[in-house]
Amino acid sequence: MNLVPEVVALDDELRGWRRHLHAHPETAFEERATAAFVADRLRAMGLEVHTGLAGTGVVGVLRHGGSKGSIGLRADLDALAIHEKTGAPHASKHEGRMHACGHDGHTTMLLGAARALAQRRHFDGSVAFIFQPAEENEGGGRVMVEQGLFDRFPVDAVYGMHNWPSAPLGSFAMRAGPQMGAFDIFEIVATGKGAHAAMPNLGRDPMLFASQAIAALQTIVSRNLHPLSAGVVTVTQVHAGDTWNVIPDEIVLRGTVRTFERDVQDTIERRMRTIVEHVAATFEMTATLRYERRYPATVNTAAETSHAVAAAAAVVGRDRVDTDPTPNMASEDFAFMLLAKPGCYVWLGTGRGPDTPLLHNPRFDFDDDAIAIGASYWVTLAEQRLAPRP
Ligand SMILES: [Zn+2]
Ligand SMILES: [Zn+2]
């Protein structure tokens, strides 16, 4: 392991920062104390600090030398609406809110990297340290991009990192191409005609629509997609009816679609529209489909992935860097930054065997032994990407 000495020297202090953030979690767009904590520390390191982007977003800029080269490194600030069950001394003091995804660790690692880079000054160019709000569900990354993140901080490439408890501590994983899925939601409303349950011939039963439509929707992945293309169509809610002997007027289905590729996403949405319309017509009723594309797929570019692999290999050794992990169908709003700029999102292994609690689990706690590894990766990546010309 080749940790950056300036990061190692900070390790105790960084663990303290991480535990402070863990004890004071804030959820989407309400990360005011967290943002102030970050901004204060960046200022103390001598960085230029910009606040207010997407409300609670913070960007610190560190410049050195005369090169125009510039990269962005991104962390996320927000916690989840989960009741913590770790029993840790630094457990959440905010009832019903918890850092169950490790964003406290991400924020700490990026702060540690900023301080080490500011001390070392072994680079030529500028580094934008991007602390975004509301990664969970609310798309704070999208809001930052829409509010001009990359107009104000025009970086050549942007990099992201997430702790990954299902990979071993001290490893990294990343791949060129899609690494995490697109996240879409849908709602189908079918309107039939209510009737007495004993006289179904007098109504048009929307239950029949639901039973046939759910089955037909499952044929999209199996019959319409290329056998090697990945897609998920999952109906997660069915709502209709109140009592034993009444056929209801209406039924509502809701669910989610996950994909890695735009044309697959287009195919699924198009086939869903056809199936919904025509299954409804079969039973002489009408149905509508609301289909909403929430997060795009997280797609790494080849050149930036090579840079990420080189930096990770320099820290943990090439044999602990997996460059072909199985992509994951969960989603990540760093995807919006990757739509705007080339870049790479990596997984930082934090697992210690099968009992390590996974992300979003009420017993999850970011592994502080990963802080120095992740911060060293950031420092190494920035110094390799912005290496001074000899
Ligand atoms: Zn999460
Ligand atoms: Zn997360």
Side-chain angles (χ1 to χ4, degrees), residues 18 21-22 24-31 34-35 38 54 56-58 73-86 92 94 96-111 129-145 158-167 169 172-174 178-185 256 258 294-300 325 327-338 343-351 356-368 370-371 373-375 377-378:
R18 207 286 296 178
L21 292 171
H22 189 90
H24 302 90
E26 297 172 299
T27 49
F29 296 119
E30 290 173 356
E31 308 92 338
T34 309
V38 166
T56 47
V58 180
L73 309 179
R74 168 274 200 177
D76 32 19
L77 299 167
D78 58 317
L80 284 152
I82 292 180
H83 182 80
E84 179 159 351
K85 291 184 184 161
T86 63
S92 173
H94 297 169
R97 282 171 285 167
M98 177 192 176
H99 271 296
C101 203
H103 299 184
D104 48 346
H106 303 166
T107 297
T108 302
M109 292 190 291
L110 193 54
L111 284 172
F129 300 89
I130 302 164
F131 295 86
Q132 74 148 85
E135 191 285 321
E136 305 282 0
N137 299 312
E138 305 302 328
R142 173 178 54 76
V143 178
M144 278 188 110
V145 172
V158 66
Y159 295 87
M161 172 160 54
H162 206 292
N163 78 101
W164 209 244
S166 48
L169 181 69
F172 281 88
M174 69 289 272
Q179 181 151 333
M180 299 191 76
F183 162 45
D184 303 341
I185 58 168
T256 183
R258 306 296 173 111
R294 281 283 178 96
Y295 286 13
T298 301
V299 183
N300 294 330
N328 189 290
M329 277 285 185
S331 61
E332 165 57 66
D333 94 338
F334 185 65
F336 289 106
M337 297 192 190
L338 288 177
C344 182
Y345 177 82
V346 306
W347 289 325
L348 166 67
T350 50
T356 309
L358 298 179
L359 302 174
H360 293 203
N361 183 300
R363 289 184 178 77
F364 174 88
D365 190 14
F366 183 87
D367 193 324
D368 284 339
I371 294 175
I373 303 169
Y377 163 76
W378 280 139

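Both counts, for ligands and for their atoms, begin at 1 and track the order of listing.
- Using a distance-only test at 3.5 Å, with no hydrogens or angles considered, a donor-acceptor pair links the side chain of Y295 to the main chain of G139.
- Considering only residues two or more places apart in sequence or on other chains, N361 meets the side-chain contact (heavy atoms from CB on, under 4.5 Å) condition with P357, R363, F364.
- Residues T34 and E26 have side chains that bring a donor and an acceptor to within less than 3.5 angstrom of each other.
- Separation of atoms CE (M144) and CZ (R74) is listed at 10.0 Å; rounding is to 0.5 Å.
- Closest approach between the Zn ion (ligand 1) and any N/O/S atom of H360 involves NE2.
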Pairs of donor and acceptor atoms involving the side chains of residues 100-110, under 3.5 Å and at least two apart or interchain, shall be tabulated with distances.
unit_1, atom_1, unit_2, atom_2, d
H103, ND1, D78, O, 3.0
H103, ND1, D78, OD1, 3.1
H103, NE2, D76, OD2, 3.3
D104, OD2, R18, NH1, 2.8
D104, OD2, H22, ND1, 2.8
H106, ND1, D76, OD1, 2.8
H106, NE2, N163, N, 3.0
H106, NE2, N163, ND2, 3.0
T107, OG1, D76, O, 3.0
T107, OG1, H103, O, 3.0
T108, OG1, D104, O, 2.8

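- Only protein atoms were considered; those of element N, O or S under 2.8 Å from the Zn ion (ligand 2) number 3.
- Under the rule for a ring-ring contact (aromatic ring centres under 6.0 Å, His included), H83 has no partner lying at least two apart in sequence or in another chain.
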